[in-house]
Every structure is written in structure tokens, then in C-alpha cells.
Amino acid sequence: MTDIFEGDPDRANLTTVNELDENGFVINEHRVRHPVILLPRNFFMWNTYKFEDIDVASLDIFSFLYPTVECVFIGGGAEGSQRLPLEVMQYFRNRGIMVESMDSMNAAQTFNLLISEGRNVGAAILPLYPFPEGEHEFRQNRGEFDN
């Protein structure tokens, strides 16, 4: 595999999941209480709150990236790996992107490891436990974001 960040002075600016707990995530030292999409240099809030809501439309950001990510890790919460809908698997297969479903902790750790190795991967990760309806926040105070 090729290290896409080799010789890059901004290698320190890669996206890193620093913490994952029942309160959400800490990504690049920012507390995030919301599902997230992770890319090598960016992260975004993801408007998918339950594993059952994952479909092609919820993940289509990955098909618009250049260079194309080689793999997307789907973190489905605290539960173990769940089966993705067949149409999601086919969608990514047709674009030459591997997709793996696993619990959120393993998805975050795998993303961090492969990014640190210079791999071009992405992740879509749900919090360990679903937040009560209406409590999806992105706090902006002291490195936290508020919605």
C-alpha cells in the first residue's frame, strides 16, 4: 500500500479519534456528541442516528471523494458487527471501495491505525449508545461544538 501522506509536513493534522465513550467522541481534541463521518483530514456530523437508518444516501459522501478512499469502516454502536443492507455493499463494491461493519470502538481504532500508516480510509461511526431523541448536540464550548 502507498502512504498517501509520505513527506507531508501537515501529517500531524490528520483526523484522530482521541476518545470514544457513552458521551460521544473526542476527535482532534474536540468533544462531539453526534454520529460522525471521518476522513483523513476532516470530520463531519453524520445525520444517521441508528444502524437501521444506514443506507446508500447516508454514505454517498464517500463516493464523491478524490482520491477515492480504499475502505470505509461503519461503526454501529456498542453492539458487535451488524449486517449492512445489500444495496450498500453493492454500491461500494461497484465503486471499488471496501466497506466493513463493526462496533464503533473497533471502527475508530481501525481508522486511527490505518490513517497513522498513511492509508486513505474513511469511517462513519455512531456513538456507543444512542442519544435520547433530540439530544444530538455538537458543543462549541472549550473545544466542544453546539448545534
Side-chain angles (χ1 to χ4, degrees), residues 1-5 13-147:
M1 292 290 156
T2 303
D3 180 344
I4 64 169
F5 306 112
N13 295 329
L14 297 176
T15 302
T16 303
V17 179
N18 308 105
E19 185 179 323
L20 175 58
D21 60 26
E22 65 277 353
N23 295 311
F25 309 88
V26 175
I27 302 171
N28 293 352
E29 306 304 330
H30 297 283
R31 167 62 68 185
V32 181
R33 285 182 44 90
H34 203 282
V36 292
I37 296 279
L38 303 173
L39 300 174
R41 293 196 186 278
N42 296 294
F43 68 95
F44 305 95
M45 292 190 317
W46 183 31
N47 285 335
T48 300
Y49 303 100
K50 299 181 294 196
F51 191 87
E52 301 78 39
D53 295 335
I54 296 174
D55 60 13
V56 169
S58 71
L59 297 168
D60 68 352
I61 186 173
F62 293 107
S63 67
F64 294 107
L65 300 174
Y66 183 82
T68 304
V69 293
E70 54 187 276
C71 188
V72 175
F73 303 101
I74 308 296
E79 300 301 315
S81 175
Q82 299 179 47
R83 223 172 164 73
L84 288 168
L86 183 58
E87 59 270 11
V88 170
M89 301 295 290
Q90 290 174 334
Y91 178 81
F92 282 101
R93 187 178 307 122
N94 290 342
R95 285 156 181 76
I97 301 171
M98 293 183 348
V99 63
E100 296 286 336
S101 174
M102 57 190 70
D103 65 87
S104 291
M105 187 67 74
N106 281 316
Q109 291 173 342
T110 304
F111 174 83
N112 282 349
L113 175 67
L114 293 180
I115 286 298
S116 74
E117 293 176 350
R119 304 278 293 279
N120 188 19
V121 297
I125 306 180
L126 297 171
L128 290 177
Y129 304 101
F131 297 125
E133 199 63 38
E135 279 196 32
H136 306 291
E137 350 177 358
F138 201 48
R139 301 197 175 175
Q140 202 163 22
N141 172 353
R142 290 178 14 138
E144 300 181 341
F145 298 89
D146 230 336
N147 192 8

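Excluded from the calculations below are hydrogen atoms, water molecules and symmetry mates; all remaining heavy atoms, backbone and side chain alike, are included.
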How far does [atom1] of [X] sit from [atom2] of [Y], to the nearest 0.5 angstrom?
{"X": "M102", "Y": "E79", "atom1": "CE", "atom2": "CD", "value": "15.5 Å"}
{"X": "I115", "Y": "R41", "atom1": "CD1", "atom2": "CZ", "value": "9.0 Å"}
{"X": "N18", "Y": "E29", "atom1": "CG", "atom2": "CD", "value": "4.0 Å"}
{"X": "N112", "Y": "I27", "atom1": "CG", "atom2": "CD1", "value": "9.5 Å"}
{"X": "I125", "Y": "L38", "atom1": "CD1", "atom2": "CG", "value": "4.5 Å"}
{"X": "L113", "Y": "F73", "atom1": "CG", "atom2": "CZ", "value": "9.0 Å"}

If we ignore hydrogens and angles and just use 3.5 Å, is the side chain of [X] paired with the main-chain N or O of [Y] as donor and acceptor?
{"X": "S104", "Y": "L126", "result": "yes"}
{"X": "D103", "Y": "G77", "result": "no"}
{"X": "T15", "Y": "N42", "result": "yes"}
{"X": "S101", "Y": "Q82", "result": "yes"}
{"X": "W46", "Y": "S58", "result": "yes"}

Could you tell me which non-hydrogen atom of [X] sits nearest to which non-hydrogen atom of [Y], and how far apart they are?
{"X": "A123", "Y": "F111", "result": "CB-CD1, 4.0 Å"}
{"X": "A78", "Y": "Y129", "result": "CB-CE2, 3.7 Å"}
{"X": "G75", "Y": "A107", "result": "CA-CB, 3.7 Å"}
{"X": "V88", "Y": "V56", "result": "CG2-N, 3.7 Å"}
{"X": "M105", "Y": "L128", "result": "N-CD2, 4.3 Å"}

Go through the steps for I74 and F51 under the test side-chain contact (heavy atoms from CB on, under 4.5 Å), then give the verdict.
CA-CA 9 Å; I74 308 296; F51 191 87; 4.2 Å; yes

Let me know which of N120, L65, L14 forms a side-chain contact (heavy atoms from CB on, under 4.5 Å) with L39.
L65

Partner of Y91 by side-chain contact (heavy atoms from CB on, under 4.5 Å), out of L86, L59, D55, D60
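Running side-chain contact (heavy atoms from CB on, under 4.5 Å) over L86, L59, D55, D60 with Y91 returns exactly one hit, D60.
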
Please evaluate residues L84 and F92 with respect to the criterion side-chain contact (heavy atoms from CB on, under 4.5 Å), reporting the C-alpha separation (whole Å), side-chain torsions for both, the decisive distance (0.1 Å), and the verdict.
CA-CA 11 Å; L84 288 168; F92 282 101; over 6 Å; no

Heavy-atom distance under 4.5 Å between the side chains of K50 and P130, does that happen here?
no

Just checking H34 against Y49, ring centres under 6.0 Å apart?
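Judged by ring-centre distance (under 6.0 Å), H34 and Y49 do meet the cut-off.
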
Could you give me the CA-CA distance, side-chain angles and deciding distance for V72 and M98, then say whether side-chain contact (heavy atoms from CB on, under 4.5 Å) is met?
CA-CA 6 Å; V72 175; M98 293 183 348; over 6 Å; no

Given the rule in the side-chain contact (heavy atoms from CB on, under 4.5 Å) test, do R83 and M89 qualify, once you have shown the distances and angles that lead to the verdict?
CA-CA 10 Å; R83 223 172 164 73; M89 301 295 290; over 6 Å; no

